[in-house]
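One structure is given below, encoded as structure tokens.
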Amino acid sequence: MLDIKFIRENLQVCKEAAKNKGRDVDWDGLLKLDDKRRELIGLTEKLREERNKLTQDDRERGREVKQELKKLEEELRDVEEKFGLLMLTVPNVPDPSVPIGKDASGNKEVRKWGKLPKFNFPILDHIELAKSLDLIDFGRGTKVGGFRAYFLKNDAAQMELALMWYTLNKLTKKGYTPLIAPSLVRDFTLFGNGQFPWGREEVYKIEKDDLYLAGTAEVPVTAYFSDEILVEKDLPKKFVAFSPCFRREAGSYGKDTKGAYRLHQFNKIEQVIITTAETNNSLTLHEELLANAEEILKDLELPYRVMLMCTGDMGEPQVKKYDIETWMPGRQAYGETMSNSFMGDFQARRLKIRYKTKDGMKYCHTLNNTALASPRILIAIMENYQQKDGSIKVPKVLQQFLNKTVIKR
RNA sequence: GGAAGGGUCGCAUAGUUGGUCUAGUGCGUUCGCUUGGAGAGCGAAUAUCACCGCAAGGUGAUCGCGGGUUCGAAUCCCGCCCCUUCCGCCA
């Protein structure tokens, strides 16, 4: 949600942004409704002013005013509703540093880290490795939990929790407040984050209780301060949050149907920052979130690359977005493991997260990035760390948790 | 699931015979005085949103949300949402 005043004063910028993001907006309709809206507000206010000045002797006129007001208010409500719907279709404006492009092909590689492993033996993918070492049970997973369900087993089960603990700790030491966040959330959190109204199909709904299963801790944690007014000197607020994540994967029925890449349920540690509305500062924090995620991959010694998303490949709310892709030998490709978004005040406006300044109230900026998502990261670990004898080396930073250096039969 | 209570200015609270309440008080915050400095103390200021306006300022709305009664509602009526407490169940 942008500010209508900002739109009026920066119409060209907004039009350009929508065009670059590949979104259609009915600009003429929006501006006409805005004019109509303001006209009606003027008229109703005049009538109310008159009403407020009436005394007991003017009962007759009072009744008349009431009738006129009722008509105008109805008209205004109608206009505001249509206006609100159009406002929801206006996407956020990308930062100038974002490349313009139509789709994923327009994304820009920012940097690569790590040497791709060379294997002098025929490699296995994570599915084969998981089977031979009894690390993930997909068969019984689907028997019990349906399509895309799984059991993590043995060292994989321990490794996932080790990764979570390692990551939560690491960021806590950096001053992030650790949270374990609810996955079951109310609908306003999803509207507030910008998942709704667009992504309804992607979210599980618990009909009976009118609750939803969040696909990421971004949803509950960004909404943590909803409807609150924060103190400027307490910002930024930095969080590192664990949550189980649920995704219907409705738009990707045929995609990644095998293995642990695309799952309906997984665990994730998410970084979330609520900060002041100072774009340069927010961009610095955006880089900090990126660096944190990169550091975790470096600790795990996994080769990765950082991609800067182009205008056409980012969502409505984003101002700037990076993806980090980790090398997965089984695919002979990089696969997305982290996603780092700066939303400007888009989410804060919807969630009413504000702070007080000398010049008045302002909406906060919000940012989020994955810290670690599993089992997807296990694919990279298993495949990159596999040995000729079919075993898997344990990344150094995890050895203390598993009490072993190698996973073998 | 059963029963009761409650949602008011950043926070905490006052306010229910309808107008004098957008709203008192405390805390917090800001400014000033005081001090070598800090604290305490004293004084003053301090809700948000929308619309009009270059500005000063003006007008309107908002006491959970929506509707109703009324010339007029924080205060009365109806519906909804949310929270708390007790009982029950339970990792």
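Quick caveat: nothing in here was measured; it's all calculated off a predicted structure. Quick note on labels: first sequence line is chain A, next is B, and so on, each numbered from 1.
Nucleotide C81(B) holds its C1' atom 13 Å from the CG atom of Leu211(A), rounded to whole Å. For the pair Glu228(A) CD and C83(B) P, the interatomic distance rounds to 15 Å; values are reported in whole Å. Remark: P of C83(B) and CG of Asp227(A) are 13 Å apart, rounded to the nearest angstrom. The nearest whole Å value for the distance from the CG atom in Leu230(A) to the P atom in A47(B) is 19 Å. Atom P of nucleotide A61(B) and atom CG of Leu40(A) are separated by 16 Å, given to the nearest angstrom.
Only one option out of Leu163(A), Leu179(A), Leu168(A) pairs with Ile269(A) in a side chain to side chain contact (heavy atoms under 4.5 Å, CB included); it is Leu168(A).
In this structure, Ala17(A) and Val93(A) approach most closely via the heavy-atom pair CB-CA, 3.9 Å.
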Listing, residues 293-302 of chain A side-chain donor-acceptor contacts under 3.5 Å, not counting sequence neighbours, or none:
from: Glu294(A); atom 1: OE1; to: Arg111(A); atom 2: NE; distance (Å): 3.0
from: Glu294(A); atom 1: OE1; to: Tyr304(A); atom 2: OH; distance (Å): 2.6
from: Glu294(A); atom 1: OE2; to: Arg111(A); atom 2: NE; distance (Å): 3.3
from: Glu294(A); atom 1: OE2; to: Arg111(A); atom 2: NH2; distance (Å): 2.6
from: Glu295(A); atom 1: OE1; to: Lys174(A); atom 2: NZ; distance (Å): 3.0
from: Glu295(A); atom 1: OE2; to: Lys170(A); atom 2: NZ; distance (Å): 2.8
from: Glu295(A); atom 1: OE2; to: Lys174(A); atom 2: NZ; distance (Å): 3.4
from: Asp299(A); atom 1: OD2; to: Tyr166(A); atom 2: OH; distance (Å): 2.4
from: Asp299(A); atom 1: OD2; to: Lys170(A); atom 2: NZ; distance (Å): 2.7
from: Glu301(A); atom 1: OE2; to: Lys396(A); atom 2: NZ; distance (Å): 3.4

Distance-only check: which donor-acceptor pairs under 3.5 Å involve side-chain atoms of residues 402-409 of chain A, not counting sequence neighbours?
from: Lys404(A); atom 1: NZ; to: Asp155(A); atom 2: OD1; distance (Å): 2.9
from: Lys404(A); atom 1: NZ; to: Asp155(A); atom 2: OD2; distance (Å): 3.1
from: Arg409(A); atom 1: NE; to: Ser132(A); atom 2: O; distance (Å): 3.3

Could you list the protein-to-nucleotides 62-67 of chain B atom pairs, N/O on both sides, closer than 3.5 Å?
from: G67(B); atom 1: OP1; to: Arg77(A); atom 2: NH2; distance (Å): 3.3

Could you go over nucleotides 49-53 of chain B and give all protein N or O partners under 3.5 Å, atom names and distances?
from: C51(B); atom 1: OP1; to: Arg37(A); atom 2: NH2; distance (Å): 3.1
from: C52(B); atom 1: OP1; to: Arg38(A); atom 2: NH1; distance (Å): 2.8

Quick one: which protein N/O atoms are closer than 3.5 Å to N/O atoms of nucleotides 28-32 of chain B? Pair and distance per line, please.
none

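The shortest distance between side-chain heavy atoms of Lys21(A) and Met314(A) falls below 4.5 Å. Counting heavy atoms from C-beta outward, Pro303(A) and Pro117(A) have side chains that approach closer than 4.5 Å.
With rounding to the nearest 0.5 Å, the separation of NZ in Lys131(A) from CG in Leu129(A) is 12.5 Å.
By the ring-ring contact (aromatic ring centres under 6.0 Å, His included) test, Tyr150(A) is found to be paired with no residue, residues two or more places apart in sequence or in another chain being considered.
Ring-plane geometry between Tyr204(A) and Phe246(A) is classed as perpendicular, the angle between the planes exceeding 60 degrees on a 0 to 90 degree scale with a lower cut at 30.
Glu288(A) and Gln271(A) share no donor-acceptor pair across their side chains, judged by distance under 3.5 Å alone.
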